[in-house]
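All chains are named by letter (A, B, ...) in the order of the sequence lines, taking the proteins before the strands, and each is independently numbered beginning at 1.
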Amino acid sequence: MPPLEQFMEVPSGQKRELFFRDIERGDVVIGRITSIRDFGFFMVLISMGSGILRDIEPLEISALCPLRDVPSQSNHGDPLSYYQIGDLIQAAVKDIDRYHEKITLSLHKSSLPSHLSHLKLGVVSNEDMPEYYKHSTAFSSSNDTYEKVLQQSVALSNPSTVEFLLNTLGIDESKPPSLIRGLQRENFFEQDFAPLLRRKQSSSWALKCVKIGVDYFKLGRHVDAMNEYNKALEIDPKNVEALVARGALYATKGSLNKAIDDFEIALENCPTHKNARKYLCQTLVERGGQLEEEDKLLNAESYYSKALTIDKSFFEAEDALNKVRQCIQKSMEKREKHEEKEEKTKEKKTETSAEKLRKLLKEEKRCCRKLKADPIPAYGCGFSFPIQFLGILKMLVLHRKKKRKRSSSSSSTSSSESSSSSSSYKKRKKSKRKRRHSISSNRSRKHSSSVFTQEDEPLSPPADTSASFLKQDDLRICDSQDRPHRKSIEFKTRNRSLSSSSLDFIEPTGGRSEDSRDSYSSAKTHASGGTSKSAASASKYRSGRRDSTDSYSRRAEVKRRDEPEDSKRSFSRQNSDYYQSKYSMSNSGPRERRSIGSSSRSHEQSLQGSKSTSHKEDRNGNGSTSNDVPGNLLNILSQIAEFEKEKGVKQKCK
Amino acid sequence: MAEAGAAVSRPPPPLYFSLGEMEESCSTAPPDKDKAGKTHFRIIRFIMEAGVKLGMQSIPIATACTVYHKFFHETALDAYDPYLVAMSAIYLAGKVEEQHLRTRDIINVCHRYLNPGSDPLEVDTKFWELRDSIVQCELLMLRLLQFRVSFIHPHKYLLHYLVSLKNWMNRHSWERTPIATASWALLRDSYHGDICLRYEAQHIAVAVLYFALQCYGVDVPGNESAETQWWKVFSEDITKETIDSIVSELIHIYTMDTEIP
């Protein structure tokens with residue numbers, strides 16, 4: 001709004017008088033330079049920048065800004081040379097001589113009061129003029145009334161202005177002033193206010209629900225009781241009684257972890273609640289017992305000790321804790337002995353690793369046959385393989401790392417490489433087991449014998465893996481270059497995001513796991529790495545439909561197992577990916593378990609899995625819509641083969 | 001304490017208002033105009049207090065009061081239970097001014113006001129019936145007011161006037177006297193009567209400011225020598241008489257406050 005005195009048309013003599021009375025040190029003024037002298041410059045004030053926003057332009061008040069208050073703009077020369085007559089200057093009032101009506105200004109920041117320290121002193125432009133000044137000049141040209149100007153201003157129609165103005169005027173809305181005796185704020189009690197009343201009401205309401213729930217519980221209607229407890233917690237999320245009751249219900253239902261959570265929250269909210277403490281201890285001990293049975297002694301121990309920290313006099317927990325600790329010691333000793341044994345065997349094995357491996361493979365073959373007849377005991381003999389494979393794996397990894405360092409094209413994969421190598425031990429074991437099983441169930445003897453012969457040169461892989469490794473790097477480069485091949489990559493990385501970052505992650509791991517498989521499946525692999533990989537698998541498809549789906553599913557299996565890890569690694573995944581990995585996680589969990597449990601079923605499962613994934617592909621539209629799954633796959637696989645060949649060519653070119 | 005006294009002198013109306021009972025509960029309402037004014041005063045005080053406890057801002061409260069006054073401007077006081085009308089007015093004002101209030105809170109606070117020290121109502125059929133009656137009454141009010149429930153309040157005018165005045169006044173004399181707070185309080189209190197219905201918003205704002213300045217003996221500088229008086233600047237069509245009559249009504253409200261326990 002324009003200044004009030006402008007509307008009131010106060011005589012300028014009085015305005016001037018009032019201005020010199022009211023202006024204070026630290027106020028910000030804006031003026032125009034009229035003359036520059038040796039000792040400073042004079043300016044005529046046209047507007048106020050802070051404090052009292054007055055109409056001062058017509059008063060033609062001149063002020064001096066002495067030389068020592070002008071900060072030098074550069075290291076050399078006269079600071080005054082920077083300014084010209086007619087410049088708009090924002091300055092702070094440094095001193096006022098009210099009697100002689102003289103004002104001294106300063107351009108130094110230090111002369112500003114602390115709450116205005118963000119203001120910039122010096123030359124300003126026309127746009128920087130305060131709002132009120134613009135209004136004031138507009139007013140002097142139009143001569144509207146105050147009412148009219150106010151009605152036109154946005155500030156009047158904006159409802160949040162009220163809040164803002166209340167703040168600037170220092171009126172507190174939360175403690176509204178009143179002159180009526182009954183409405184004096186001190187007469188109100190805090191507990192009469194809405195939030196407190198509401199809380200009180202909610203808690204009593206929730207208690208009622210809990211009571212009903214407890215009644216249900218006594219009648220044995222657990223579902224109804226749970227519903228009531230949940231309702232109570234919805235009304236009052238921190239209701240201790242409801243939490244304890246629900247925890248007890250969970251405990252009786254057997255979901256001890258949930259029960260423990262509830263009790264813990266209840267105790268947090270009300271640390272003195274006796275029942276909560278008691279129940280929590282009991283549940284913790286029970287859960288510990290469960291874990292003990294599952295042979296997770298360390299976890300059990302932590303549960304017991306937790307129970308003890310909550311209630312020191314809980315002797316049950318103490319007993320259990322001591323027992324568990326003894327058990328742990330025993331098992332530790334056992335393990336040590338076992339490890340010693342293993343080491344011995346390992347030493348022996350590494351001495352003649354190549355020879356041994358051949359033997360082991362023979363053994364494996366035998367196992368496979370045995371597995372056919374009697375699947376369950378066969379697992380016992382699988383035990384010694386991993387150690388051997390670990391040795392090979394280590395060699396592989398070491399070699400790759402060396403290569404890595406030499407090429408050092410990108411660092412992103414190397415980290416994933418090393419991190420996954422530890423887990424790949426397990427993976428390999430698993431895939432191997434599966435392989436054995438699938439061989440036994442599906443493959444002809446010819447196949448398995450070929451496996452054996454190929455396995456002869458397990459020490460040669462370094463050369464070929466490095467080649468395939470380079471290829472992986474290449475793939476990344478290619479990926480960004482040739483778009484038309486994207487589709488085939490897409491197939492490989494099924495439904496994963498197109499972003500090359502996720503490809504980076506997936507390719508190495510996928511490649512490796514396939515690698516392991518390839519060393520079984522065909523001798524060609526060693527010659528040309530990944531290219532023949534797919535070719536080989538394609539040829540397998542040709543060999544029999546059933547067979548091909550099986551191998552595909554295996555591949556899918558391996559990949560799926562990789563996927564959760566990948567998803568953990570790359571946060572940049574898109575939603576669909578997330579869904580995909582979720583899907584695979586939920587799928588692979590039970591499948592893995594089952595594959596250990598019953599072998600014949602796992603095969604069916606993986607068959608189903610392969611079907612479902614291939615259906616998914618169709619839906620995701622990789623360009624093919626036919627329902628004939630194997631034929632479809634064949635097409636895509638041959639595409640991959642082509643692509644990779646091309647890639648190989650390109651690599652040579654480079 | 002005022003509300004405790006009120007509870008003793010006048011038994012609080014039953015909290016269970018079915019539509020039939022509503023009319024009965026107010027059969028004792030005084031026919032006399034002065035007595036009606038006192039009842040309104042009491043109810044508005046109730047609205048104000050409930051509003052504060054509900055954390056309402058000044059403008060929603062003002063809307064609630066205006067709705068209430070307007071409602072009883074249209075109908076007789078003994079036709080409906082004023083407390084129920086007041087509760088509905090609060091609820092409606094919350095909606096109009098975009099400060100949504102929940103009926104549960106309104107019922108809790110009002111119940112507590114009428115039955116000091118009691119526990120909040122159980123959430124049962126009685127509660128739900130009370131809630132329904134509030135919603136019903138809200139509909140009735142809307143129809144009676146022909147759905148014209150958005151008002152121009154003097155609050156925003158007053159604030160702008162205060163800002164303008166602050167820039168013209170000497171900083172120290174402004175800080176010495178709580179003119180802003182006082183005028184804000186006066187404005188809020190003015191709703192105890194039906195001033196808001198009979199005068200324009202700007203006029204009320206100017207009068208309130210005038211009264212506050214007078215109370216503290218503060219003069220607007222340069223007012224004597226100026227071409228236009230400050231109050232004339234803020235509102236062109238206001239006369240000294242209007243200001244005086246509004247001020248005298250304000251004084252009347254405060255005398256009523258001394259009469260009503």
Original post:
How many angstroms lie between CG in Leu158(B) and CG in Leu169(A), if you round to the nearest 0.5 Å?
Top reply: 8.5 Å
Subject >> Spacing of CG belonging to Asp124(B) relative to CH2 belonging to Trp205(A), to within rounding of 0.5 Å >> reply: 10.0 Å
Subject >> Separation between CG of Asn108(B) and NZ of Lys200(A), rounded to the nearest 0.5 Å >> reply: 10.0 Å
**OP:** Apply side-chain contact (heavy atoms from CB on, under 4.5 Å) to Gln201(A) and Asp105(B), showing your working.
**Re:** CA-CA 10 Å; Gln201(A) 191 180 36; Asp105(B) 289 332; over 6 Å; no
Original post:
Which residues in residues 16-26 of chain A have a heavy atom less than 4.5 Å from any heavy atom of chain B?
Top reply: Leu18(A), Arg21(A), Asp22(A), Ile23(A), Glu24(A)
Original post:
To the nearest 0.5 Å, how far apart are CD1 in Ile171(A) and OG in Ser58(B)?
Top reply: 8.5 Å
Original post:
Do the non-hydrogen side-chain atoms of Tyr157(B) and Glu147(A) ever get within less than 4.5 Å of each other?
Top reply: no
Original post:
Given the options Arg188(B), Gln57(B), Gln202(B), Arg104(B), which has more heavy-atom pairs under 4.5 Å with chain A than any of the others?
Top reply: Arg104(B)
Original post:
Can you tell me how far the CG atom of Leu159(B) sits from the CZ atom of Phe164(A), to the nearest 0.5 Å?
Top reply: 11.0 Å
Subject >> Residue among Leu165(B), Val109(B), Val233(B) with most heavy-atom pairs under 4.5 Å to chain A >> reply: Val233(B)
Subject >> Residues, nucleotides or ligands: over 12 heavy atoms within 6.0 Å of Arg98(A) CZ >> reply: yes
**OP:** Check each atom of Leu197(A) against the heavy atoms of chain B and say whether the ones under 4.5 Å are side chain, backbone, both or neither.
**Re:** both
Subject >> For chain A, the option from Asn170(B), Thr228(B), Ile106(B) that forms the most heavy-atom pairs under 4.5 Å >> reply: Asn170(B)
Subject >> Side chain Arg54(A), main chain Asn167(B), donor-acceptor under 3.5 Å >> reply: yes
Original post:
For Phe234(B), is it the side chain, the backbone, both or neither that has a heavy atom under 4.5 Å from a heavy atom of chain A?
Top reply: both
Original post:
Should the heavy atoms of other residues, nucleotides or ligands under 6.0 Å from CD of Glu234(A) be counted, would the total exceed 12?
Top reply: no
Original post:
How close do Tyr161(B) and Leu150(A) get, heavy atom to heavy atom, and via which atoms?
Top reply: CE2-CD2, 4.1 Å
Original post:
Which bit of Phe46(B) comes within less than 4.5 Å of chain A, counting heavy atoms only: side chain, backbone, both or neither?
Top reply: neither
Original post:
Does atom CD1 of Ile251(B) have more than 12 heavy-atom neighbours from other groups under 6.0 Å away?
Top reply: yes
Original post:
Between Gln14(A) and chain B, which part of the residue has a heavy atom less than 4.5 Å away: side chain, backbone, both or neither?
Top reply: side chain
Original post:
Side-chain contact, heavy-atom cut-off 4.5 Å: Val52(B) with Phe193(A)?
Top reply: yes
**OP:** Mind listing the closest non-hydrogen atom pair of Val162(A) and Trp184(B) along with its distance?
**Re:** CG1-CH2, 4.5 Å
Original post:
Is it true that Lys148(A) and Glu236(B) make a salt bridge, defined as a side-chain N closer than 4.0 Å to a carboxylate O?
Top reply: no
Subject >> Inter-residue atom distance Leu156(A).CG - Lys156(B).NZ, 0.5 Å rounding >> reply: 4.5 Å
Subject >> Over 12 foreign heavy atoms within 6.0 Å of NZ, Lys240(B) >> reply: yes
Subject >> Tyr146(A) versus Ser235(B), side-chain donor and acceptor atoms under 3.5 Å >> reply: no
Original post:
Of all of Lys166(B), His155(B), His172(B), which one pairs up most often with chain A through heavy atoms under 4.5 Å apart?
Top reply: His172(B)
